[in-house]
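Structure first, commentary second.
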Amino acid sequence: MINSTQNKQTIGITGASGALGKELTKLFRQKGYKVIGFTHSKNNCKKNLESPNEWVKWECGKEFSLKKHLEKIDILILNHGIYDLSRENSNYEKSIEINALSKFKFLNLFEDIALTNDSIIKKEIWINTSEAELFPALNPSYEISKSLIGQLVSFKKNLLDQNIKNKLIIKKIILGPFKSELNPIGIMSPKFVSKKIYALANSKNYLIIISPNPLTYLIFPLKEFFNFLYCKIIYKYKS
């Protein structure tokens with residue numbers, strides 16, 4: 001949970017140079033938190049009162065090299081992603097690698113770090129999966145990659161043992177269309193979305209849903225519930 005005391009936490013944000021990443025950074029900086037921004041960009045690493053306190057450049061496939069930076073972080077927000085409309089096979093591989101597998105590697109690495117955490121304050125990881133996990137996004141490769149990371153996060157959450165549950169909180173962020181370079185016709189503004197994420201983050205809910213589509217608030221909790229039941233049945237059968 002977001003710490004409202006003077007002992008402010010360190011927030012890590014991937015995709016920090018994107019529209020939502022910038023607004024989340026600005027909001028957390030205004031609230032007095034230290035922000036570490038992770039980016040692929042070579043040109044947007046400016047430093048001012050609205051940018052991260054520290055920039056870290058990284059590449060997909062080399063997530064493990066970020067361990068020393070992740071160890072400093074209390075709340076990690078996985079927000080990076082691509083939306084590529086090309087029809088080439090390489091596009092599917094790239095989308096799956098960046099939107100899904102990279103985030104899952106971050107999740108596993110942060111889980112390992114949390115296990116060695118001696119603090120009484122749990123570490124948290126929030127993963128932005130998107131409505132495209134279930135709903136059409138007019139981009140098959142994007143939909144496939146978001147469906148994959150959505151399933152991976154759900155299974156990871158449901159199969160955690162009690163030891164790691166005592167040290168790590170996982171939250172899934174489900175966002176409807178918001179305006180960005182990837183989606184210039186998005187309905188919601190990234191500023192509005194960032195404020196809603198911050199406002200909802202202290203709830204005990206696993207899902208953080210922000211969408212203009214009322215079906216999202218019905219279908220995603222149902223999907224997660226059935227996923228939970230499925231994992232419980234499998235676990236019980238195997239034990």
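As the structure is a computational prediction, the values presented were derived from the model and not from experiment.
- H40 and H80 have tilted rings, their planes meeting at an angle from 30° to 60° on a 0 to 90° scale.
- Using cut-offs of 30° and 60° for the angle between ring planes, the F28 and W126 rings count as tilted.
- With salt bridges taken as basic N to acidic carboxylate O contacts below 4.0 Å, none links K68 and E71.
- When only modelled atom types and interatomic distance are considered, N117 and S119 share no side-chain donor-acceptor pair under 3.5 Å.
- For the 3.5 Å distance criterion, the side chains of N139 and E143 fail to qualify, holding no donor opposite an acceptor.
- Taking CG of L168 as the reference point, atom NZ of K123 lies at 9.5 Å (rounded to 0.5 Å).
- Panel note: side chain N53, backbone V35; a donor-acceptor pair is recorded below 3.5 Å.
- Under the 3.5 Å distance criterion, the side-chain polar atoms of T14 are matched with a main-chain donor or acceptor of N79.
- Within a 6.0 Å radius of NZ in K105, more than 12 heavy atoms belonging to other residues, nucleotides or ligands are found.
- Heavy atoms of other residues, nucleotides or ligands lying less than 6.0 angstrom from NZ of K72 number more than 12.
- The backbone N or O of N91 lies less than 3.5 Å from no partner atom in the side chain of D84, so there is not a single donor-acceptor pair.
- A donor and an acceptor atom, one from each side chain of K156 and N108, are located under 3.5 Å apart.
- Counting only heavy atoms from C-beta outward, the side chains of E131 and I174 approach each other to under 4.5 Å.
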